Amino acid sequence: MVSAIAARRRTLPGFGLTMGLTLSWLSVIILIPLAGLFLKSLELSPEQFWNILSSRRTLNALRVSFGLAFAAACVNLVMGSIIVWALVRYRFPGRRLFDAIVDVPFALPTAVAGVALTALFAEKGWLGAPLAALGIKVAFTPVGIFVAMIFIGIPFVVRTVQPVLQDLDPEIEEAAGSLGANRWQTIIRVILPSLAPALLTGLALAFARAVGEYGSVIFIAGNLPNVSEIAPLLIVIRLSEYRYADATAIAVVMLVVSFVVILAVNRLQRWAQSRMPAR
């Protein structure tokens with residue numbers, strides 16, 4: 001074991017320096033700010049911490065953020081998988097254009113996305129007007145938050161699953177069909193087990209992105225306390241009120257819950273990889 005590690009270190013010149021720079025950079029950029037957040041929250045007594053979190057406004061803001069983020073991630077998981085399948089398995093005019101459009105939420109400033117979605121889904125907007133005629137209001141409601149979270153999360157699912165599906169040989173599907181499997185059996189028993197780790201990763205990334213989204217959401221949300229107020233906005237409000245303890249407590253809860261969800265998805269991803277059929 002020792003000789004193998006030594007050989008691996010000799011294979012990569014400058015391993016010690018590279019590892020030191022990596023750990024130092026990650027500590028400065030990620031670990032130290034997160035540690036500072038937790039240390040700041042320790043200034044609160046358990047009773048103060050609980051009173052902040054158990055307030056009606058905080059609980060509703062957390063419910064809106066996490067609930068809608070998870071729902072949006074699930075929608076993106078389904079629709080993103082369909083988009084990936086169409087882009088990878090079919091050849092049609094404009095395929096490259098549609099493939100490039102998927103990356104628009106990556107490049108578009110979040111504020112611009114929020115303004116565009118608000119104008120589109122407002123009661124007099126192109127999509128908002130026909131929906132309003134049906135009695136469906138999108139802009140300035142939780143539905144608008146849901147739409148914005150779907151918008152910013154879809155690329156994470158598509159770009160995570162796409163390379164895996166490209167590497168999946170179509171001959172496997174043909175072999176399953178030749179053995180008598182119908183389309184649903186091929187999808188459930190052949191395709192999904194191979195794509196499961198990538199799908200779970202895309203779900204986690206889309207969820208994490210939606211939970212922390214701010215710019216594109218606040219324009220379309222309406223930001224009504226206890227109705228359509230997201231947790232990141234509540235943190236900003238508490239900071240503007242110089243209530244740093246409240247902001248820190250909410251941020252810590254968001255961080256912990258997001259970490260637990262991502263950890264659970266990673267464990268599911270490993271479980272799915274262990275059950276993948278050998279090639």
Side-chain angles (χ1 to χ4, degrees), residues 19-74 109-111 114 142 144-146 148-149 152-153 156 200-270:
M19 183 57 67
L21 289 174
T22 300
L23 294 178
S24 299
W25 185 251
L26 290 177
S27 297
V28 171
I29 298 299
I30 299 177
L31 297 181
I32 292 178
L34 295 182
L37 180 64
F38 278 98
L39 290 175
K40 183 67 177 178
S41 66
L42 292 178
E43 297 179 2
L44 299 171
S45 67
E47 183 179 0
Q48 290 175 321
F49 192 86
W50 175 252
N51 289 336
I52 293 172
L53 296 182
S54 60
S55 67
R56 180 167 174 261
R57 187 173 181 180
T58 301
L59 289 176
N60 285 327
L62 292 172
R63 176 183 56 81
V64 168
S65 289
F66 285 103
L68 292 180
F70 183 74
C74 291
T110 56
I145 301 175
F146 180 64
M149 288 180 173
I152 55 95
F156 291 91
L200 291 173
T201 301
L203 176 69
L205 292 175
F207 172 77
R209 179 70 175 86
V211 166
E213 179 59 19
Y214 178 79
S216 63
V217 172
I218 58 172
F219 290 98
I220 198 173
N223 307 318
L224 295 177
N226 302 313
V227 177
S228 59
E229 185 178 58
I230 58 174
L233 175 61
L234 183 57
I235 292 174
V236 173
I237 292 174
R238 293 297 184 241
L239 289 174
S240 65
E241 296 171 345
Y242 300 102
R243 297 169 61 177
Y244 299 118
D246 294 43
T248 302
I250 299 171
V252 166
V253 170
M254 292 191 66
L255 176 63
V256 171
V257 174
S258 299
F259 179 79
V260 170
V261 170
I262 293 176
L263 180 63
V265 171
N266 286 337
R267 293 296 299 270
L268 287 173
Q269 181 185 21
R270 292 183 180 180

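As the structure is a computational prediction, the values presented were derived from the model and not from experiment.
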| query | Given R243 and I52, is the side-chain contact (heavy atoms from CB on, under 4.5 Å) satisfied, shown in steps? | reply | CA-CA 11 Å; R243 297 169 61 177; I52 293 172; over 6 Å; no
| field | Qualifying residues under side chain to side chain donor-acceptor pair (under 3.5 Å), relative to S55, sequence neighbours excluded | value | T58
Below 3.5 Å, can you tabulate the donor-acceptor pairs from side chains in residues 215-232 to any protein atom, sequence neighbours excluded?
residue : atom : partner : partner atom : Å
S216    : OG   : E213    : OE2          : 2.6
N223    : ND2  : I218    : O            : 2.9
N226    : OD1  : N60     : ND2          : 2.9
S228    : OG   : A221    : O            : 2.8
S228    : OG   : N223    : N            : 3.2
S228    : OG   : L224    : N            : 3.1
E229    : OE1  : R57     : NE           : 2.8
E229    : OE2  : R57     : NE           : 3.4
E229    : OE2  : R57     : NH2          : 2.6

| Approximate separation, where rounding is to 0.5 Å, of L234 CG and R238 CZ | 5.0 Å
| How would you list, by chain and number, every residue that makes a ring-ring contact (aromatic ring centres under 6.0 Å, His included) with F207, sequence neighbours excluded? | none
| What are the two closest heavy atoms between Y244 and L239, and how far apart are they? | CD2-CD2, 3.5 Å
| Passes side-chain contact (heavy atoms from CB on, under 4.5 Å), V253 versus F49? Steps please. | CA-CA 10 Å; V253 170; F49 192 86; 4.2 Å; yes
| request: Could you tell me which residues satisfy side chain to side chain donor-acceptor pair (under 3.5 Å) with T110, sequence neighbours excluded, listed by chain and number? | output: none
| field | CA sep, side-chain torsions, deciding dist, call: L53, L59, side-chain contact (heavy atoms from CB on, under 4.5 Å) | value | CA-CA 7 Å; L53 296 182; L59 289 176; 5.7 Å; no
Mind listing the side-chain donor-acceptor pairs of residues 28-46 below 3.5 Å, one per line with the distance, residues two or more places apart or on another chain?
residue : atom : partner : partner atom : Å
K40     : NZ   : E43     : OE1          : 3.3
S41     : OG   : F38     : O            : 2.5
S45     : OG   : Q48     : N            : 3.2
S45     : OG   : Q48     : OE1          : 3.4

| Heavy atoms, side chains only, cut-off 4.5 Å: are M149 and V211 in contact? | no
| task | Starting from the C-alpha separation in whole Å, work towards a yes-or-no answer on side-chain contact (heavy atoms from CB on, under 4.5 Å) for V236 and Y214. | result | CA-CA 10 Å; V236 173; Y214 178 79; 3.9 Å; yes
| said: Quick check: closest heavy atoms across F156 and R209, and the distance to 0.1 Å? | reply: CE1-CG, 3.4 Å
| How about F70: does its CZ atom have over 12 heavy atoms from other parts shown lying under 6.0 Å from it? | no
| Expected output: side-chain S240 to main-chain I237 donor-acceptor under 3.5 Å | yes
| request: Output all residues satisfying salt bridge (charged side-chain N to carboxylate O under 4.0 Å, His left out) with E47, sequence neighbours left out; order by chain, then residue number. | output: none
